[in-house]
Amino acid sequence: MALKPLTSVFLSPLSLPYSPSNPTPKFSSFYTKPTPISCQTQAHQQAAPTSDPYRPESDGLGAAAPTRGDLFLEHHQSVAASEVVFNANKKKKKVKFSGSWKASAASACYGCGAPLQTLETDAPGYVDPETYELKKKHRQLRTVLCGRCRLLSHGQMITAVGGNGGYSGGKQFISAEELREKLSHLRHEKALIVKLVDIVDFNGSFLAHVRDLAGANPIILVVTKVDLLPKETDLNCVGDWVVEATMKKKLNVLSVHLTSSKSLVGISGVASEIQKEKKGRNVYILGSANVGKSAFINALLKMMAQRDPAAAAAQRYKPIQSAVPGTTLGPIQIDAFLGGGKLYDTPGVHLHHRQAAVVHSEDLPALAPRSRLRGQCFPNFQVAFDDSTLSRIKSNGLNGFSIFWGGLVRIDIVKVLPQTRLTFYGPKALNIHMVPTDKADEFYQKELGVLLTPPTGKQRAEDWLGLETERQLQIKFEDSDRPACDLAISGLGWIAVEPIGRSLRTSDSDLEETAEQLQLSIQVPKPVEIFVRPPIPVGKGGGEWYQYRELTEKEVEVRPQWYF
């Protein structure tokens, strides 16, 4: 219906000036030029859609308007809830759904972020109908923990993510691609990203395509689990090593923090940095699956609670921690700041090239180190070798031997110096065995599932696809005082390749003659990646041989600082 332009304006007596001669002014009118009123047609609106697909048409203005984080959270929860309803409707066409799903679309389990539902008992987010209705009646749905999270909190390994070759034994509720898609909105939002990396699996957990998720947003890089590094490790050297590796990624990294969620080392520095840099924006905790995001958030809230009452109140309902990759299935909003912005725990990004993607769910705890790492060296003369093997090692070193790291890694030493030493850093639950290469195949078939675990047990060993990927490495070295390189196995740990034992030294002429003589063959499961990287300086020896690179003035300006 067309609107007629307003041609006159009536003024109330209060709008006219008061004077003693005219105590009660009369109403008057005056002519004004009509103001054109333009209306966008539906076709015009379709031709120029808004760039934000999550912006509502009318949800309030000013302080009443929802934040972008609220819209982000509501959108993903509603999409996930509708998918659950749709799948259940396909299986049970005769089931009549009640209107309670509209409420559950905006309500999620505070432990994992899965939308609350009362239909599928095996799926995440399940709550028995009586509990759900009671909590809904008292408006306490945000305090509900789903059945899967309760089992996870008691140590049970219940998976909920499929599509990456592993994760058997659980309800295949969501794919890794769908979890990654939940984070796609971040690159369009002005936010502060706190990106977590596991120091034990630095290369495997770094997220090679993090820029696709974070966009141009500033990043605070948090390196977790530094308490697991060997004793007497100089964290200054480790911090410099991390910054050197990070600079090659060309990301917008503000600072690097070495932390431990268990001992709270470095957590206060991260909390201060977040308060300094968030500037009213939402803060998103981002990282690969099982990198320790939930443990970090719990430690962060504990540290922030000393000064922020909002963080103290948020400690009551914290995300669930477990060794299962994919514990968090949806974004979890945490009201941790008195000022503007909210804290979000996000689903872990699942990487198919990590060992966790191929082992059985019950073997996952074996991949996670529980105590401080201690390098296991080979050859190790404290091991009881028979006389023939011992004499062979002393005369020719590791040449002609194969080393098994559990049932997940096999290293064939093709050609190395007699003094070459390999030091393994990883979980103690994986045993290491060395056998002659000509007997390695027979040993692997016989001991897989017994001595060589994971896989654990003969039944899982029969279903095991084996070590299908083989990579030939030729390693150069120039300095006998430091390791040549690290061989990092994605999702497991790393192997330091030291061409010459510290107790043995050789002349420069010997180095020239033996250059390029380190030849190894490594076999791993098919999707698992092997990274050849500069050696990380750990232990007392690392602080002795590590050398800081000289920086230009420009590099000093753009280079992030590290803290611990």
J.: What I'd like to find out is whether the side chain of Gln355 reaches to under 4.5 Å of the side chain of Ser490, using heavy atoms alone.
T.: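 No - every pair of side-chain heavy atoms lies 4.5 Å or more apart.
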
J.: To the nearest 0.5 Å, what is the distance between CD1 on Ile530 and CD1 on Ile495?
T.: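 Result: 8.5 Å between the selected atoms.
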
J.: Sequence neighbours left out, what passes ring-ring contact (aromatic ring centres under 6.0 Å, His included) with Tyr126? Give chain and number order.
T.: none

J.: Report the C-alpha distance between Leu492 and Asp201 in whole Å, list the side-chain angles of each, state the deciding distance to 0.1 Å, and finish with yes or no for side chain to side chain contact (heavy atoms under 4.5 Å, CB included).
T.: CA-CA 6 Å; Leu492 188 59; Asp201 185 28; over 6 Å; no

J.: When you measure from the side chain of Arg307 to the backbone of Met304, do you find a donor-acceptor pair of N or O atoms at a distance under 3.5 Å?
T.: no

J.: So which atom in Ser107 and which in Leu141 form the shortest heavy-atom distance, rounded to 0.1 Å?
T.: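 Reported closest heavy-atom pair: OG-CD1, 3.2 Å.
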
J.: Could you give all pairs that pass the salt bridge (charged side-chain N to carboxylate O under 4.0 Å, His left out) test and reach residues 533-543, with sequence neighbours left out?
T.: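 Counting only pairs at least two positions apart or across chains, the salt bridge (charged side-chain N to carboxylate O under 4.0 Å, His left out) contacts touching residues 533-543 are Asp486-Arg533.
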
J.: Flag the pair Val497 / Leu422 as yes when at least one side-chain heavy-atom distance between them is below 4.5 Å, and no otherwise.
T.: yes

J.: Please lay out, stage by stage, how Ile267 and Phe296 fare under the test side chain to side chain contact (heavy atoms under 4.5 Å, CB included).
T.: CA-CA 8 Å; Ile267 301 297; Phe296 168 76; 4.0 Å; yes

J.: Residues in side chain to side chain contact (heavy atoms under 4.5 Å, CB included) with Leu134, at least two apart?
T.: His138

J.: Show me the pairs that pass ring pair (Phe, Tyr, Trp, His ring centres under 6.0 Å) and involve residues 246-279, at least two apart or across chains.
T.: His257-Tyr563

J.: So which heavy atom on Gln275 is nearest to which on Asp308, and how close?
T.: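 So the two residues come closest at NE2-OD2, 4.1 Å.
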
J.: Where the side chain of Thr143 meets the backbone of Gln140, is there a donor-acceptor pair that is under 3.5 Å apart?
T.: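 Side chain of Thr143 to backbone of Gln140, a donor-acceptor pair under 3.5 Å: yes, one is there.
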
J.: With sequence neighbours left out, what residues match Asp212 under side chain to side chain contact (heavy atoms under 4.5 Å, CB included)?
T.: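 Partners of Asp212 under the side chain to side chain contact (heavy atoms under 4.5 Å, CB included) test: His209.
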
J.: Quick one: ring pair (Phe, Tyr, Trp, His ring centres under 6.0 Å) pairs with a partner in residues 211-254, sequence neighbours left out?
T.: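 Found Phe202-Trp241.
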
J.: Which pairs with one or both residues in residues 215-227 pass side-chain hydrogen bond (donor to acceptor under 3.5 Å, both in side chains), sequence neighbours excluded?
T.: Asp198-Lys225, Asp227-Ser260

J.: Please test Asn431 against Trp405 for side chain to side chain contact (heavy atoms under 4.5 Å, CB included), starting from the C-alpha separation and ending with a verdict.
T.: CA-CA 6 Å; Asn431 295 321; Trp405 200 357; over 6 Å; no

J.: Not counting sequence neighbours, list each pair that qualifies as a salt bridge (charged side-chain N to carboxylate O under 4.0 Å, His left out) and has a residue in residues 552-564.
T.: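 Qualifying pairs, neighbours excluded: Asp240-Arg559, Glu244-Arg559, Arg549-Glu555.
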
J.: Would you check if the side chain of Arg370 reaches a backbone N or O of Ala366 as a donor-acceptor pair within less than 3.5 Å?
T.: no

J.: Do any pairs count as a salt bridge (charged side-chain N to carboxylate O under 4.0 Å, His left out) and have a residue in residues 245-267, sequence neighbours left out, and if so which ones?
T.: none

J.: Nearest heavy-atom pair of Pro560 and Met247: which atoms, and what distance?
T.: CD-SD, 3.4 Å

J.: Distance only, no hydrogens: is a donor on one side chain within 3.5 Å (strictly under) of an acceptor on the other, for Tyr425 and Gln376?
T.: no

J.: Indicate the atoms forming the closest heavy-atom contact of Thr346 with Tyr284, along with that distance.
T.: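 Where Thr346 meets Tyr284 most closely, the heavy atoms are CG2-CD2, 4.0 Å.
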
J.: State which residues pass ring-ring contact (aromatic ring centres under 6.0 Å, His included) with Tyr110; sequence neighbours excluded, sorted by chain then number.
T.: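 By the ring-ring contact (aromatic ring centres under 6.0 Å, His included) rule, Tyr110 matches Tyr317.
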
J.: Return the set of residues passing salt bridge (Lys or Arg N to Asp or Glu O under 4.0 Å) with Asp345 (not counting sequence neighbours), or none when no residue passes.
T.: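 Salt bridge (Lys or Arg N to Asp or Glu O under 4.0 Å) check on Asp345 returns nothing, list empty.
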
J.: Where the side chain of Gln117 meets the backbone of Leu119, is there a donor-acceptor pair that is under 3.5 Å apart?
T.: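 Yes: the side chain of Gln117 pairs with the backbone of Leu119.
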
J.: Less than 4.5 Å apart, side chain to side chain, heavy atoms only: is that true for Val144 and Leu116?
T.: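 In short, these two side chains touch, coming nearer than 4.5 Å.
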
J.: Do Asn282 and Leu192 have side chains that approach each other closer than 4.5 Å (heavy atoms only, starting at C-beta)?
T.: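 Contact flag for Asn282/Leu192 side chains = no.
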
J.: Who are the salt bridge (Lys or Arg N to Asp or Glu O under 4.0 Å) partners of Arg142, not counting sequence neighbours?
T.: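 Partners of Arg142 by the salt bridge (Lys or Arg N to Asp or Glu O under 4.0 Å) criterion, ordered by chain and then number, come out as Asp335.
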
J.: Between Ser255 and Gln561, does any side-chain donor sit less than 3.5 Å from a side-chain acceptor?
T.: no

J.: Locate the shortest heavy-atom distance separating Cys112 from Cys146; write the atom from each residue and the value.
T.: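 So the two residues come closest at SG-SG, 3.9 Å.
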
J.: Are any of the side-chain heavy atoms of Ile285 and Leu343 separated by less than 4.5 Å?
T.: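 Ile285 reaches Leu343 side chain to side chain.
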
J.: Hey, can you tell me if Phe531 and His353 have their rings parallel, tilted or perpendicular (30° and 60° cut-offs)?
T.: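 Aromatic pair Phe531/His353 classed perpendicular.
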
J.: Looking at Glu529 and Arg354, is there a salt bridge between them, counting it only when a charged N and a carboxylate O are closer than 4.0 Å?
T.: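 Judged by the 4.0 Å cut-off on N to carboxylate O distance, Arg354 and Glu529 do not form a salt bridge.
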
J.: Do the side chains of Leu373 and Trp494 get nearer than 4.5 Å, heavy atoms only?
T.: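 Result yes, sub-4.5 Å side-chain heavy-atom pair found.
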
J.: Does some side-chain heavy atom of Ser371 sit less than 4.5 Å from a side-chain heavy atom of Lys428?
T.: yes

J.: Closer than 3.5 angstrom, by distance alone: can the side chain of Thr233 be matched with the main-chain N or O of Leu229 as a donor-acceptor pair?
T.: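 Between the backbone of Leu229 and the side chain of Thr233 there is no qualifying donor-acceptor contact (under 3.5 Å).
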
J.: With a 4.5 Å limit on heavy-atom distance, are the side chains of Val238 and Val226 in contact?
T.: no

